Amino acid sequence: PLPARRMQGAGKALHELLVSAQRRGCLTAGVYESAKLMNVDPDNVAFCVLATDEEDEGDIALQIHFTLIQAFCCENDIDIVRVNDVAKLAAIVGPSEESGEPRDLHCILITNPNEDGWKDPALEKLNSFCEESRNVNDWVPTITLPE
């Protein structure tokens with residue numbers, strides 16, 4: 001596994017990416033919403049986050065969705081990470097703006113912003129973190145979000 005310092009950097013970068021993606025309207029939350037988007041527009045997906053809490057471990061349906069999403073990401077060269085804390089994600093991403101309802105945060109996609117040439121430094125950091133993880137055969141690295 002990669003050193004703890006790299007992990008912390010990745011956690012911080014993920015936090016920044018989620019905040020900026022949400023601000024730019026480039027964030028899709030929800031297993032079904034994400035699957036739909038991947039079918040329609042895979043080239044527009046820049047990054048994928050899968051999240052579980054302990055009680056999700058026994059959720060077979062969710063694990064099957066994750067397996068399919070991971071396979072899809074691998075096929076389409078989309079970087080993907082896991083987060084073991086849905087509550088922390090909820091604190092960052094918050095409820096849906098339209099309905100105020102809590103969102104399904106088990107899967108979050110970051111889509112490419114429409115502005116050409118806009119590069120998110122946090123996304124670049126995460127891309128290189130994922131690349132380094134793959135080099136040590138960790139295909140879906142787990143990231144811990146900062147407190």
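Basis for what follows: all heavy atoms, side chains included, without hydrogens, waters or symmetry-related copies. The shown structure was predicted, so the numbers you read here are calculated from the model rather than taken from an experiment.
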>> Hydrophobic clustering (ILVMFWY, side-chain heavy atoms < 4.5 Å, transitive) - are Val49 and Ile69 grouped together?
In response: no
> Can you check whether Val93's main-chain N or O pairs, donor with acceptor, with Arg103's side chain at less than 3.5 Å?
Replying inline: yes
>> Could you go through Phe66 and Val140, starting from their C-alpha distance and side-chain angles, then the distance that decides it, and tell me whether this counts as side-chain contact (heavy atoms from CB on, under 4.5 Å)?
In response: CA-CA 11 Å; Phe66 278 10; Val140 185; over 6 Å; no
>> Walk me through whether Asp79 and Leu126 qualify under side-chain contact (heavy atoms from CB on, under 4.5 Å).
In response: CA-CA 8 Å; Asp79 282 329; Leu126 286 163; over 6 Å; no
> If two hydrophobic side chains count as joined below 4.5 Å and joins carry through other members, does Val81 share a cluster with Val45?
Replying inline: no
>> With clusters defined by side-chain heavy atoms of hydrophobic residues (ILVMFWY) lying less than 4.5 Å apart, directly or transitively, does Leu109 cluster with Leu123?
In response: no
>> Determine whether Leu14 and Phe47 satisfy the following criterion, side-chain contact (heavy atoms from CB on, under 4.5 Å), listing intermediate values before the conclusion.
In response: CA-CA 10 Å; Leu14 180 57; Phe47 198 75; 4.1 Å; yes
> Distance from Cys48 atom SG to Ile78 atom CD1, nearest 0.5 Å?
Replying inline: 7.5 Å
>> side-chain contact (heavy atoms from CB on, under 4.5 Å), that's the test. Do Ile80 and Trp139 meet it? Break it down for me.
In response: CA-CA 8 Å; Ile80 177 170; Trp139 295 95; over 6 Å; no
>> I'd like to check Gln22 versus Leu18 (side-chain heavy atoms, cut-off strictly below 4.5 Å). Are they in contact?
In response: no
> Which pairs pass salt bridge (Lys or Arg N to Asp or Glu O under 4.0 Å) with one or both residues in residues 52-64, sequence neighbours excluded?
Replying inline: none
Side-chain donor/acceptor pairs under 3.5 Å, residues 29-38, sequence neighbours excluded:
from, atom 1, to, atom 2, distance (Å)
Ser34, OG, Gly30, O, 2.6

> Who passes side-chain hydrogen bond (donor to acceptor under 3.5 Å, both in side chains) against Asn84, sequence neighbours left out?
Replying inline: none
>> Suppose we screen for side-chain hydrogen bond (donor to acceptor under 3.5 Å, both in side chains). Which residues come up paired with Lys125, at least two apart in sequence or across chains?
In response: none
>> For Lys12, give me all partners under salt bridge (charged side-chain N to carboxylate O under 4.0 Å, His left out), at least two apart in sequence or on another chain.
In response: Glu16
>> Is there a path of hydrophobic side-chain contacts, each under 4.5 Å between heavy atoms of I/L/V/M/F/W/Y residues, joining Leu145 to Met7?
In response: yes
>> Once rounded to the nearest 0.5 Å, what's the spacing between atom CG of Leu50 and atom OG1 of Thr67?
In response: 9.5 Å
> Who else is in Leu68's hydrophobic cluster (ILVMFWY, side-chain heavy atoms under 4.5 Å, direct or via others)?
Replying inline: Ile60, Ile64
> Given the rule that I, L, V, M, F, W and Y join up when any side-chain heavy atoms are under 4.5 Å apart, are Leu105 and Leu62 in one cluster?
Replying inline: no
> Just how far is it from atom CG of Asp77 to atom SG of Cys130, taken to the nearest 0.5 Å?
Replying inline: 12.0 Å
> Which distance, rounded to the nearest 0.5 Å, do you find between the CG of Leu27 and the OG1 of Thr111?
Replying inline: 7.5 Å
>> Once salt bridge (Lys or Arg N to Asp or Glu O under 4.0 Å) is applied, what residue pairs with a partner in residues 80-93 remain, sequence neighbours excluded?
In response: Lys88-Glu147
> Looking at side-chain heavy atoms only, is the closest gap between Arg6 and Ser128 below 4.5 Å?
Replying inline: yes
>> For Pro42, give me all partners under side-chain contact (heavy atoms from CB on, under 4.5 Å), at least two apart in sequence or on another chain.
In response: Phe72, Asn76
>> Would you compute the distance between atom CD of Gln8 and atom OG1 of Thr144 and round it to the nearest 0.5 angstrom?
In response: 9.0 Å
